[in-house]
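Below is one structure, written out as structure tokens; comments come after it.
Indexing begins at 1, ligand by ligand and atom by atom, following the structure's order. It should be emphasised that the depicted structure is a prediction, and the values quoted were computed from it without experimental measurement.
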Amino acid sequence: MAADGFAPLAFTPQVEAETQALWERVKKHVTPMEWRLQAPLIAEINRIKREKNAVILAHNYMTPEIFHGVGDYVGDSLGLAKEAARSDAAIIIQAGVHFMAETSKILSPDKRVLIPDLRAGCSLASSITGEDVRLIKARYPGIPVVTYVNTTADVKAETDVCCTSANAVQVVEHVAKEWGVDRVILIPDEFLARNVARQTDVKIIAWQGRCEVHERFEAQDILDLKAAYPGAQVLAHPECPAEVLEVSDFAGSTAAMNDYVLSKKPRQVILITECSMADNVAVDAVDTEFLRPCNLCPHMKRISLENIYEALIKEQYEVFVDPEIADRARLAVQRMIDLPPPAVPARYDLVKARHHVDVELI
Ligand code: 13P
Ligand code: SF4
């Protein structure tokens, strides 16, 4: 069905021809009936993008028709933030959640940043406010604050350096060295903080925020899957509890999981993360079988081809960040972007992680 208020778009021979190459890539994962509805929207979105000098930044948790069909830049939170900083498009459409759109606006204040559904939030971003961070700083004077990008702009404005799951260990170690301290505040994801604490000698002070998608996985789920599929490789996101990572074969950001599957080509793989991740990697990982014990992110799933189309036509919903807050938040995000790439590719050393390290919870 077409977006509200728009006539349905037809699957014409021209649309079929324009989308043929994409159909060849995705046809094992999309039914012909779905394609007849999706292809006209994909063709039209791509045409309007060119006309309006717009780009679509699509997170790895977008559904395949968005990720493969209309995403100009696809990747993890770090990759999308870097792209927002270097893009010269007039309009950025964020196919992701609100904190990602705010990050794009912070990095590109002169561009129009649109999110197709303003309700696309995040349980981590809503777990903490700028006022909370001011209170934390008053309680721990002199201890630097590292904040996960999954936060609102006012939280980033109170932050020394931002991080993502792809570089959290590197950022924490860099900040401890630069500030000459042995403790760092790493907020708001408690599980990411616990997983980082197991990779470094820097002591971690953590907040009790959780990702509602990854907190639901349990170590027993993984052990049951390993018993059922002894040859399968288990890849977990570091927003999962530490016990889940302990029984996995690899842990990393969504981009690191993608690289692992495409480079190592495991025969069977289990991605312990959001459901669309496996659907997207499966399009290119033709030799790998994906077992799918996934959880859906209700916020990511608010974004659809229909509301992207509507966002482009009506140029809605524009994301604004108070310029004074944006200026302070930009410093924290830019310090992260300016860090050199780690000497070894960012990954969580699961052997090291088996040694339990406690964190101080605020
Ligand atoms: P990354 O893509 O940075 O791994 O983040 C995962 C996530 O949950 C984003 O909301
Ligand atoms: Fe937030 Fe988790 Fe959804 Fe990512 S997957 S947007 S961290 S709730």
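Residue-to-ligand polar distances place His59 within reach of ligand 1: an N/O pair is separated by less than 3.5 Å. Geometrically, ligand 1 and Glu239 share a nitrogen or oxygen pair separated by less than 3.5 Å.
Near Ser165, the atoms of ligand 1 lying under 4.0 angstrom from a non-hydrogen atom of the residue are 1 (P), 3 (O), 4 (O). Numbered from 1 in the order shown, with element, the atoms of ligand 2 that lie under 4.0 Å from a heavy atom of Asn150 read 7 (S). Listed by atom number, the atoms of ligand 2 under 4.0 Å from Leu124 heavy atoms are 7 (S). Proximity to Tyr61 (heavy-atom distance under 4.0 Å) selects the following atoms of ligand 2: 5 (S). Listed by atom number, the atoms of ligand 1 under 4.0 Å from Met300 heavy atoms are 10 (O). The atoms of ligand 1 that sit less than 4.0 Å from any heavy atom of Asp76 are 1 (P), 2 (O), 3 (O). With ligand atoms numbered from 1 in the order given, ligand 1 contributes 4 (O) to contacts under 4.0 Å with heavy atoms of Ser253.
Using a 4.0 Å cut-off between charged side-chain N and carboxylate O, Arg183 and Glu360 make a salt bridge. In summary, Arg194 and Asp358 engage in a salt bridge, as defined by a charged side-chain N under 4.0 Å from a carboxylate O. Ion pairing of Arg36 with Glu16 is absent here, as no side-chain N (NZ or NE/NH1/NH2) approaches a carboxylate O to less than 4.0 Å. Taking the charged nitrogens against the carboxylate oxygens, Glu289 and Arg267 have no contact shorter than 4.0 Å, which rules out a salt bridge. The existence of a salt bridge linking Arg134 and Glu131 is confirmed by a sub-4.0 Å separation between a basic side-chain nitrogen and an acidic carboxylate oxygen. A salt bridge links Arg47 with Glu51; the closest basic N to acidic carboxylate O contact falls under 4.0 Å.
Using a non-hydrogen distance threshold of 4.0 Å, Met257 does not register as a contact of ligand 1. Using a non-hydrogen distance threshold of 4.0 Å, His237 registers as a contact of ligand 1. Contact annotation: Cys211 has no heavy atom less than 4.0 Å from any atom of ligand 1.
With a 4.0 Å heavy-atom cut-off, ligand 2 is reached by the backbone of Cys122 and by its side chain too. At a 4.0 Å heavy-atom cut-off, ligand 2 touches Glu239 through the side chain alone. Of the heavy atoms in Asn150, only side-chain atoms (C-beta onward) come closer than 4.0 Å to ligand 1.
Looking at atom 3 (Fe) of ligand 2, its nearest protein heavy atom turns out to be Cys297 SG, 2.4 Å. Scanning the protein for heavy atoms near atom 5 (O) of ligand 1, the closest one is Ser77 OG, 3.4 Å.
Leu339 and Val145 end up in different hydrophobic clusters when Ile, Leu, Val, Met, Phe, Trp and Tyr side chains are linked at under 4.5 Å.
Residue His299 does not count as close to atom 3 (Fe) of ligand 2, with no N, O or S atom under 2.8 Å. Inclusion of Cys211 in the first shell of atom 1 (Fe) of ligand 2 is not supported: no N, O or S atom falls under 2.8 Å.
Between Cys211 and Cys122, the two SG sulfurs stay at or beyond 2.5 Å from each other.
With Leu22 as the partner, the side-chain contact (heavy atoms from CB on, under 4.5 Å) test is satisfied by one option alone out of Lys27, His68, Gln38, Glu65: His68.
Side-chain contact, Tyr309 with Ser304: no donor N or O sits under 3.5 Å from an acceptor N or O.
With contacts defined as side-chain heavy-atom distances shorter than 4.5 Å, the pair Ile91/Val55 does not qualify. Taking the side chain as every heavy atom from C-beta outward, Leu312 and Ile45 approach each other to under 4.5 Å.
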